[in-house]
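We're numbering straight along the sequence, starting at 1. Hydrogens, waters and symmetry mates are skipped; everything else that's a heavy atom, side chains included, is used.
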Amino acid sequence: MIAIISGASSGIGREFAYQIDNKNYDEIWLIARRYKRLVEVRDNLKTPTKILALDLLDEKSFFIIENELKKTSNKIGLLINSAGMGINDYFENISLEDNEKLIELNISAPSKLIKIALPYMGENSTIINVASVSGFIPQPKFAAYAASKSYLISLSRALNRELKDKKIHVATLCPNPVDTEFGNNNENNLKKYGKEDLHILVKKALKKAAKGDLITTHHASKFMLVISKIIPHSFVMWIEKINKMY
């Protein structure tokens with residue numbers, strides 16, 4: 001079986017690579033833009049590793065990935081969509097180009113990777129889409145990012161039902177901010193409480209991945225999930241406003 005990880009050069013993606021190294025996969029495929037970073041990750045793994053230094057904003061990258069899958073006889077046992085970007089600013093201040101990049105990387109890229117991977121996935125395989133607690137409630141000053149993560153949550157839950165008969169499980173990981181390069185640069189006021197430990201986050205995610213379609217690993221993210229279900233989103237955003245959280 002193959003494990004494929006996008007966004008594998010740093011943060012959550014890299015930690016997933018380290019923690020599945022002892023999970024008996026025949027090969028781990030690492031996808032990210034930064035080749036040198038991928039080499040560093042590969043050099044710390046015992047499992048045979050394929051480096052795919054690709055930019056998922058480039059349409060050609062998906063043809064390359066699909067061609068590599070056609071060459072192998074191994075099935076995919078695990079697909080982790082961890083690549084993503086966020087911009088913490090008011091929507092009107094974000095350039096059209098940057099907003100399009102965010103949508104492409106956070107929504108289109110994982111959708112394309114899933115579409116490409118499905119014909120090559122074996123029974124009892126798993127897809128983990130890395131979303132965020134931001135996906136539970138609309139986030140002023142983080143609007144497009146939160147909306148993109150809400151898309152991933154909805155997509156994952158629907159696909160988990162669609163693919164049940166094929167024994168392919170789909171789950172969304174919804175962490176609070178994590179002490180990573182990405183998390184530190186994109187943290188907003190709503191999510192700053194309860195920063196998660198990266199190692200514990202990924203360890204729990206792997207343990208829970210085959211049990212439910214939505215994964216929370218911290219009490220703060222679990223609390224936000226409950227709030228999102230019982231309190232109107234407009235009220236939550238009003239509370240944020242009066243507390244000058246945006």
Would you name the heavy atoms of [X] and [Y] that are closest together and state the gap between them?
| X | Y | value |
| --- | --- | --- |
| Ala109 | Leu56 | CB-CB, 4.1 Å |
| Ser61 | Asp55 | OG-O, 2.7 Å |
| Gly212 | Ala171 | O-CB, 3.4 Å |
| Leu69 | Ala117 | CD1-CA, 4.5 Å |
| Lys75 | Pro119 | NZ-O, 3.8 Å |
| Ser132 | Ile153 | O-CD1, 4.3 Å |

[X] side chain near [Y] side chain, heavy-atom distance below 4.5 Å:
| X | Y | result |
| --- | --- | --- |
| Ile4 | Tyr120 | no |
| Ile168 | Leu79 | no |
| Leu198 | Ile12 | yes |
| Tyr145 | Leu102 | yes |
| Leu45 | Tyr18 | yes |
| Leu163 | Leu118 | yes |
| Ile76 | Ser125 | no |
| Asn160 | His169 | yes |

Nearest 0.5 Å, please: how far is [atom2] in [Y] from [atom1] in [X]?
| X | Y | atom1 | atom2 | answer |
| --- | --- | --- | --- | --- |
| Lys46 | Ile28 | NZ | CD1 | 12.0 Å |
| Ile65 | Leu113 | CD1 | CG | 5.0 Å |
| Phe62 | Ile31 | CZ | CD1 | 8.5 Å |
| Ser10 | Glu40 | OG | CD | 11.0 Å |
| Met121 | Ile2 | CE | CD1 | 10.5 Å |
| Leu30 | Leu54 | CG | CG | 11.5 Å |

Inset, instruction - Check whether more than 12 heavy atoms from other residues, nucleotides or ligands sit under 6.0 Å from atom CG of Asn24, and answer yes or no. - result: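 Counting neighbours around CG of Asn24, 12 or fewer heavy atoms of other residues, nucleotides or ligands fall under 6.0 Å, so no.
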Legend entry - Enclosure of Arg42 CZ (heavy-atom neighbours >12, cutoff 6.0 Å):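 Yes, CZ of Arg42 has more than 12 neighbouring heavy atoms, counting only those of other groups under 6.0 Å.
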With sequence neighbours excluded, tell me which residues meet side-chain contact (heavy atoms from CB on, under 4.5 Å) with [X].
| X | result |
| --- | --- |
| Ala209 | Thr126, Ile128, Ile215 |
| Tyr25 | Met1, Ala3, Ile20, Lys23, Leu78 |
| Ser9 | Ala32, Arg34, Arg37, Leu38 |
| Lys101 | Leu57, Met85, Glu97, Asp98 |

Inset, instruction - Not counting sequence neighbours, which residues clear salt bridge (charged side-chain N to carboxylate O under 4.0 Å, His left out) with Lys112? List them please. - result: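 Salt bridge (charged side-chain N to carboxylate O under 4.0 Å, His left out) list for Lys112, sorted by chain: Glu59, Glu104.
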Inset, instruction - Assess whether side chain to side chain contact (heavy atoms under 4.5 Å, CB included) is satisfied between Leu152 and Lys149, documenting all intermediate values. - result: CA-CA 5 Å; Leu152 269 185; Lys149 296 307 182 180; 4.2 Å; yes
Inset, instruction - Evaluate the side chain to side chain contact (heavy atoms under 4.5 Å, CB included) criterion for residues Asn129 and Ile114: first the C-alpha distance (whole Å), next the side-chain angles of each, then the deciding distance (0.1 Å), finally the verdict. - result: CA-CA 10 Å; Asn129 294 317; Ile114 293 169; 3.8 Å; yes
Inset, instruction - Among residues two or more places apart or on two chains, list those pairs meeting side-chain hydrogen bond (donor to acceptor under 3.5 Å, both in side chains) that have a residue in residues 197-212. - result: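 Checked against side-chain hydrogen bond (donor to acceptor under 3.5 Å, both in side chains) - neighbours excluded - the pairs reaching residues 197-212 are Glu15-His199, Gln19-His199.
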Inset, instruction - State plainly whether one hydrophobic cluster holds both Leu206 and Ile200, where clusters connect Ile, Leu, Val, Met, Phe, Trp and Tyr through side-chain heavy atoms under 4.5 angstrom apart. - result: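 Leu206 does not cluster with Ile200.
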Legend entry - Single-linkage hydrophobic cluster Ile116~Ile64, side-chain heavy atoms < 4.5 angstrom: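 Yes, Ile116 and Ile64 fall within the same hydrophobic cluster.
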Identify, with sequence neighbours excluded, every residue that meets side-chain hydrogen bond (donor to acceptor under 3.5 Å, both in side chains) alongside [X].
| X | answer |
| --- | --- |
| Lys50 | Glu68 |
| Asp213 | Arg157 |
| Ser148 | Asn106 |
| Asp58 | none |

Legend entry - Verdict with reasoning, Leu173 to Phe16, per side chain to side chain contact (heavy atoms under 4.5 Å, CB included): CA-CA 12 Å; Leu173 174 60; Phe16 267 114; 4.1 Å; yes
Inset, instruction - Answer yes or no: is there a donor N or O on one side and an acceptor on the other, between the side chain of Ser6 and the main chain of Ser82, under 3.5 Å? - result: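 Between the backbone of Ser82 and the side chain of Ser6 there is a qualifying donor-acceptor contact (under 3.5 Å).
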Inset, instruction - Please determine, by modelled atom types, if Tyr151 and Ser111 share a side-chain donor-acceptor pair under 3.5 angstrom. - result: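 A pair is found: one side chain offers a donor N or O, the other an acceptor, under 3.5 Å apart.
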